[in-house]
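First comes the structure, then the notes that go with it.
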Amino acid sequence: MERRYRLQKNKAFQYVYHRGKSVACRDLVMLYAKGRGLQVGFSVSKKVGNAVTRNLVKRRLRECFRPHLGDVKNGLYVIVARPSAANATFQSLQKDVAYLLKKQAAFKEGNRA
RNA sequence: CGAGGUGCCCAGACGAUCGCGGGUCCCUUCGGGGGCAUGAGGAAAGUCCGAGCAUCACAGGGCAGGGUGCCGGCUAACGGCCGGUGGAGGCGACUCCAAGGAGAGUGCAACAGAGAGAUACCGCAUCUUCAAUCGCUCCGGAGGUCGGGCUUCAGCCCGACUAACGACAGUCAAUGCUUGCAUUGACGGAGUGUAGCCAGCGCCGGGCUUUACGCCCGGUGAUGGCCGAAGGUGUAAGGGUGGAAAGGCGAGGUAAGAGCUCACCCACGGCUUGGCGACUUGACCGUGAUGUAAACCCCACCUGAUGCAAGAUGGUAUGGAGGCAUAUGCGGCGGCCCGUCGCGCCUUCGCAAUCGCUUGAGCCUGCGCGGUAACGCCAGGCCUGGAUAGAUGAUCGUCCAAUACAGAACUCGGCUUAUGGACACGCUCGCGCA
RNA sequence: CGCGGGGUAGAGCAGUUUGGUAGCUCGUCGGGCUCAUAACCCGGAGGUCGUGGGUUCAAGUCCCACCCCCGCAA
């Protein structure tokens, strides 16, 4: 997942937290705000674990989102990990990301079918 | 075989597909695409020390403050490392140590205890002063501990146990026999009394006299006392306590005592032997000082402050707005003084980019050289992360006993803490077998 | 990444400077007052002083290491 698709600045995160719509499941929360480009940010707080655990969760979330890059609408996405995400497997995170994108109605019309 | 001790090493490996960062080469329609090799740790952690680097005057002085603290060496430096000394622990291999000075001064040592760096409270001995003895009975039971009761508390009472301690508590003589005990007496101590004595007081009688207060003698009554008490001097042997009580034990000595003297031992200082030194040896000389400096302090050495969010570059740039001040003031400057430089101070509004940013007190090899070692020197070889919301992951296969603690954020050298495993030993102790 | 503050009874806090007894308020428990409750009065219980070492005769206090919580600035 290349760097240009990534949400970088703190102000952008604040914008999404203010304007975005949120959906959630047990391990994750997803926020979405309209925008021109396609940028995704990941937020993993210290409650999740130590530095090794937090890096592992971020890597897994990036890998989960990567296959959907061509299929979703443009806009700003933020995925927040809850503390229980530290114990989740890669497969369950994959399912959760797909479920949340569907619940957010973020897939393009043509790919729905 | 079991229990240890020390040292050293590794941190999953290989292959396939997809994906990420920077580097380099090639292509490019300048958007990017492809190839190549490469890409987290022993602790990257905690942020406890030491440095490099940067800015403040390339940082000036003094005091204060802070740090370190056996000795020698190593190192850029250190609170680190190595080797010794002393002490502590362990049967041992071995491990651990803020380990200068209490004989420079100040402070503190609660409670208990007579007394806490100084004490005569009891006792012992001696001296002085003070009026007054006999009979009978008995020979210690203060204190401590435990239990019970009473009381507002302080404390008091009763019972049991203890015999260290003491009044340095028994000493001396005679007799008897069971020959180490009993009896008696004296000294000593305690209690007691229709006895005796002393003191002043009250009452009664007599006498004296200056006829007024009084004085003397005798009797009687109750009270208090009758050999201890008070004071001086000497003493540090003994005295419940306490972490600690002015060296320890024995003998001599003395009125009683005391390192007062002596022998042995302990500690400290001097001298002396060995060692660069900490320290150490000794048959010599002197002294007997409590502990605490992780209390203040003294001595020796070190120490300017702030940290890459430092700072630099070019951008509209010693910025814009509001308020307050205006040189005995404010700031750089941190606790104070001096010195020096600048001219304002407070509140508020403000954006990113690039550099710093990785070649460095660097790593590997040598049965190289010097050194016990830490380490240094020499020779050869190597380039080995540089991200900026933060790069190492996902799936599968094989091997494996199985991956624990854990993610660089300017960079190094240490310390401390967390944690899985493997190996080695002319190492130690115990048990068994030969 | 750097810096600062804190951890003491069920809760909120003193005590740490200068080492010897751990205390205050609320709450809780028992009793009283009341027809009953509250308020009020009397009495009591409740503490690994964050953890582990060290210095000291003695540590909540002094020293060292570690753990946890909160805050500041980008």
Side-chain angles (χ1 to χ4, degrees):
Chain A
M1 190 169 166
E2 291 183 46
R3 181 144 289 154
R4 57 178 153 161
Y5 295 120
R6 224 169 284 161
L7 199 58
Q8 295 190 322
K9 293 297 167 193
N10 190 25
K11 285 218 158 186
F13 274 85
Q14 294 301 326
Y15 176 81
V16 175
Y17 283 135
H18 274 282
R19 299 290 195 80
K21 291 193 297 179
S22 72
V23 293
C25 66
R26 195 167 57 85
D27 295 336
L28 302 173
V29 179
M30 177 182 286
L31 294 98
Y32 167 75
K34 290 181 183 175
R36 267 186 294 183
L38 173 60
Q39 289 189 321
V40 186
F42 301 94
S43 172
V44 182
S45 82
K46 272 191 177 177
K47 291 175 188 170
V48 176
N50 58 17
V52 173
T53 310
R54 296 201 303 272
N55 269 338
L56 180 64
V57 169
K58 273 190 280 188
R59 285 190 203 113
R60 282 175 169 171
L61 288 176
R62 276 200 295 271
E63 187 64 25
C64 291
F65 203 91
R66 193 175 55 81
H68 303 295
L69 275 176
D71 302 339
V72 298
K73 295 181 189 171
N74 283 349
L76 304 176
Y77 295 85
V78 169
I79 296 179
V80 180
R82 289 179 163 169
S84 57
N87 299 320
T89 62
F90 178 76
Q91 285 84 0
S92 87
L93 287 178
Q94 247 176 339
K95 281 185 207 163
D96 285 342
V97 168
Y99 166 76
L100 289 176
L101 283 172
K102 191 177 169 187
K103 196 174 175 185
Q104 191 74 263
F107 288 111
K108 290 178 185 172
E109 295 296 327
N111 294 358
R112 255 236 166 113

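Only heavy atoms go into these numbers, but all of them, side chains included; no hydrogens, no water, no symmetry mates. Each chain gets a letter, A, B and so on, in the order the sequences are listed, and its residues count up from 1.
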C1'-based separation of B:rG196 from B:rG155 [nearest Å]: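 Those two atoms are separated by 43 Å.
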Span that lies between the C1' atom of B:rG239 and that of B:rG113, in whole angstrom: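 Result for the C1' pair: 11 Å, nearest Å.
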Parallel, tilted or perpendicular: ring planes of A:Tyr77 versus A:Tyr32, cut at 30 and 60 degrees: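 Answer is tilted, since the angle falls between 30° and 60°.
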Options B:rG390, B:rG407, B:rA394, nucleotide nearest the side-chain atoms of A:Lys58: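 Nearest to the side-chain atoms of A:Lys58, counting from C-beta on, is B:rG390.
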Listed nucleotide nearest any side-chain atom of A:Asn55, set B:rA394, B:rA406, B:rA40: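 Per side-chain heavy atoms of A:Asn55, the pick is B:rA40.
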Check this one for me: any side-chain N or O of [X] less than 4.0 Å away from OP1 or OP2 of [N]?
X       : N       : result
A:Gln39 : B:rA389 : no
A:Arg59 : B:rU392 : yes
A:Arg62 : B:rG390 : yes
A:Arg66 : B:rG19  : no

Whole angstrom is fine here: how far is it from [atom1] in [X] over to [atom2] in [N]?
X       : N       : atom1 : atom2 : value
A:Leu56 : B:rG390 : CG    : P     : 15 Å
A:Phe42 : B:rG393 : CZ    : C1'   : 13 Å
A:Leu61 : B:rA389 : CG    : P     : 18 Å
A:Glu63 : B:rU17  : CD    : P     : 16 Å

Assigned glycosidic conformation for [N] [threshold 90° from 0]:
N       : result
B:rG147 : anti
B:rA391 : anti
B:rG386 : anti
B:rG385 : anti
B:rG311 : anti

Both distances below 3.5 Å, Watson-Crick or wobble geometry, any strand: find the nucleotide opposite [N].
N       : answer
B:rA212 : none
B:rC161 : B:rG144
B:rA263 : none

Touch class at under 4.0 angstrom, heavy-atom based, for A:Arg54 against every strand present: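 Since no nucleic acid heavy atom lies under 4.0 Å of A:Arg54, the category is nothing.
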A:Thr53: side chain to side chain donor-acceptor pair (under 3.5 Å) partners, not counting sequence neighbours: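 A:Thr53 satisfies side chain to side chain donor-acceptor pair (under 3.5 Å) with A:Asn50 once adjacent residues are dropped.
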Residues that A:Lys95 engages under side-chain contact (heavy atoms from CB on, under 4.5 Å), provided they are two or more places apart: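 Once residues adjacent in sequence are excluded, A:Lys95 has no partner under the side-chain contact (heavy atoms from CB on, under 4.5 Å) criterion.
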Expected output: side-chain A:Arg82 to main-chain A:Cys25 donor-acceptor under 3.5 Å: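 Yes, because the side chain of A:Arg82 sits within donor-acceptor range (under 3.5 Å) of the backbone of A:Cys25.
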A:Arg60 and A:Glu63 ion-paired at < 4.0 Å: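 Between A:Glu63 and A:Arg60 there is no salt bridge, as every charged N stays at least 4.0 Å from the carboxylate O atoms.
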